[in-house]
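Okay, so here's the structure we're looking at.
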Amino acid sequence: MAIQKIGVIGAGQMGVGIAHISAIANYDVIIQDINADNLQKAITNIDKNMQRQVDSEKITLDAKKKSLSKISTSPTLHDLEDCDLVIEAATENEKIKTKIFEQLSQIVKKEAILASNTSSISITRLAASTDRPEQFIGIHFMNPVPVMKLVEMIRGIATSDETFKASESYINALDKTIAVSEDFPAFIVNRILMPMINEAAYTLYEGVGSIEAIDTAMKLGTNHPMGPLQLADFIGLDTCLSIMQVLYDGLADSKYRPCPLLVKYVEAGWLGRKTNRGFYDYRGNEPIPTR
Ligand code: CAA
């Protein structure tokens with residue numbers, strides 16, 4: 001089946017990015033979010049991010065206008081009924097995702113492929129909450145989606161070859177590079193990245209270095225574009241914690257124990273850039289370390 005219309009569930013930073021690049025690749029896109037404010041902000045953000053690409057001559061102004069006109073929004077799942085591929089990019093919470101997939105199964109046409117952008121949760125388990133596990137797949141984008149080249153593809157136990165091939169063609173059309181991962185907790189990128197971020201939080205917690213020292217050390221010492229604590233704020237500390245929890249529960253190894261300091265920041269609601277405070281305070285002109 002040729003994929004023409006993409007449904008994106010969740011108007012957070014990942015959903016916005018997925019909608020953005022899908023529209024540029026000429027797909028019709030509908031973004032669904034229960035919060036109407038989020039939908040309005042999503043369009044504003046996509047407009048802003050596309051303008052960055054116009055400014056740096058990656059796309060033309062015409063392409064931006066055409067792509068924006070391909071994106072619609074809706075607060076209800078029912079408007080996704082004619083999508084060929086629906087990508088769920090809701091909060092990283094298994095109960096929420098499962099509920100969405102149960103509802104979606106009753107709405108979308110029977111040929112449609114369902115995908116999750118989950119960064120850590122079992123694809124096989126999510127697939128089991130749908131009426132079509134053979135048409136279910138993990139398609140995991142990296143943040144910021146328009147910039148990062150990689151997409152992880154994860155088959156569930158029942159995923160069919162047709163579903164894999166159709167999803168692969170879609171990702172190729174987005175001009176992304178694919179890494180295939182088996183369906184194990186947190187897949188490849190986060191299996192390696194999150195323990196590093198968690199270890200950076202422990203390095204801070206144990207007083208080995210300050211926030212600035214840790215980030216400078218890793219940026220300049222290993223040529224990472226961002227230090228691990230800066231990157232954690234960028235990803236969202238709640239997301240980092242929930243991925244560590246999935247690793248800890250799923251692999252039952254104490255090496256994945258979430259750092260108590262990371263837990264404390266999340267409990268405080270200091271979730272990083274999206275709440276204006278995390279390891280850094282973003283309320284002023286320059287980010288200031290919070291410890
Ligand atoms: N949309 C479009 N373009 C964007 C963009 C966006 N959202 N964000 C950045 N850009 C563009 C900028 O316009 C700029 O383009 P030009 O070079 O053409 O001018 C370019 O990207 C670089 O951006 P900036 O100059 O603003 O800033 P920078 O050089 O500091 O780069 C960064 C920003 C690309 C985010 C870089 O710091 C980086 O690569 N950081 C690491 C990101 C990373 O590791 N992401 C993966 C996180 S893990 C994940 O996502 C998985 C998960 O499940 C948690």
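All ligand and atom numbering here is 1-based and tracks the order in the structure.
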Check contact between [X] and ligand 1, using heavy atoms of the residue and a distance below 4.0 angstrom.
| X | result |
| --- | --- |
| T239 | no |
| H140 | yes |
| K58 | yes |

#### Entry: E88 and S116 side chains, donor-acceptor separation under 3.5 Å
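Short answer, yes.
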#### Entry: Between Q51 and D47: side-chain donor-acceptor atoms closer than 3.5 Å
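Side-chain D/A pair, Q51 to D47: absent.
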#### Entry: Atom indices of ligand 1, in the order listed, that fall short of 4.0 Å to a heavy atom of S119
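Close to S119: 53 (O).
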Within the protein, is there a heavy atom lying under 4.0 Å from [atom]?
| atom | answer |
| --- | --- |
| atom 2 (C) of ligand 1 | yes |
| atom 46 (C) of ligand 1 | yes |
| atom 15 (O) of ligand 1 | yes |
| atom 6 (C) of ligand 1 | yes |
| atom 33 (C) of ligand 1 | no |

Minimum-distance protein heavy atom relative to [atom]:
| atom | answer |
| --- | --- |
| atom 36 (C) of ligand 1 | P225 CB, 4.1 Å |
| atom 44 (O) of ligand 1 | L231 CD1, 3.6 Å |
| atom 11 (C) of ligand 1 | V147 CG2, 3.7 Å |
| atom 54 (C) of ligand 1 | I235 CG2, 3.5 Å |
| atom 48 (S) of ligand 1 | L193 CD2, 3.5 Å |
| atom 19 (O) of ligand 1 | S56 CB, 4.1 Å |
| atom 26 (O) of ligand 1 | R52 NH2, 3.2 Å |
| atom 51 (C) of ligand 1 | M142 SD, 3.6 Å |

Using 0.5 Å steps for rounding, measure from the [atom1] atom of [X] to the [atom2] atom of [Y].
| X | Y | atom1 | atom2 | answer |
| --- | --- | --- | --- | --- |
| I197 | L237 | CD1 | CG | 9.0 Å |
| Y280 | L229 | OH | CG | 6.0 Å |
| N223 | L220 | CG | CG | 8.0 Å |

### Query
Y265 vs F279 aromatic rings, parallel, tilted or perpendicular, using cut-offs 30° and 60°?
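Plane angle between 30° and 60°, so tilted.
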### Query
Parallel under 30°, tilted from 30 to 60°, perpendicular over 60°: which one fits the rings of Y205 and Y202?
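The rings of Y205 and Y202 stand perpendicular, inter-plane angle above 60°.
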### Task
Please step through side-chain contact (heavy atoms from CB on, under 4.5 Å) for the pair L104 and T130, ending with a clear verdict.
CA-CA 8 Å; L104 203 56; T130 73; over 6 Å; no
### Task
Return yes if some donor-acceptor pair links the side-chain N/O of R283 with the main-chain N/O of R277 below 3.5 Å, else return no.
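Answer holds: no.
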Ligand 1 versus [X]: contacting region, heavy-atom distance under 4.0 Å:
| X | value |
| --- | --- |
| N190 | side chain |
| M50 | neither |
| N143 | both |

#### Entry: I214 versus P228, closest heavy-atom pair with distance
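Closest pair (atom of I214, atom of P228, distance): CG2-CG, 4.0 Å.
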### N198/C240 under side-chain contact (heavy atoms from CB on, under 4.5 Å): CA gap, chis, key distance, verdict
CA-CA 8 Å; N198 197 46; C240 295; over 6 Å; no
### Task
Show your working on side-chain hydrogen bond (donor to acceptor under 3.5 Å, both in side chains) between T124 and D183 and close with a plain yes or no.
CA-CA 7 Å; T124 299; D183 189 16; 2.8 Å; yes
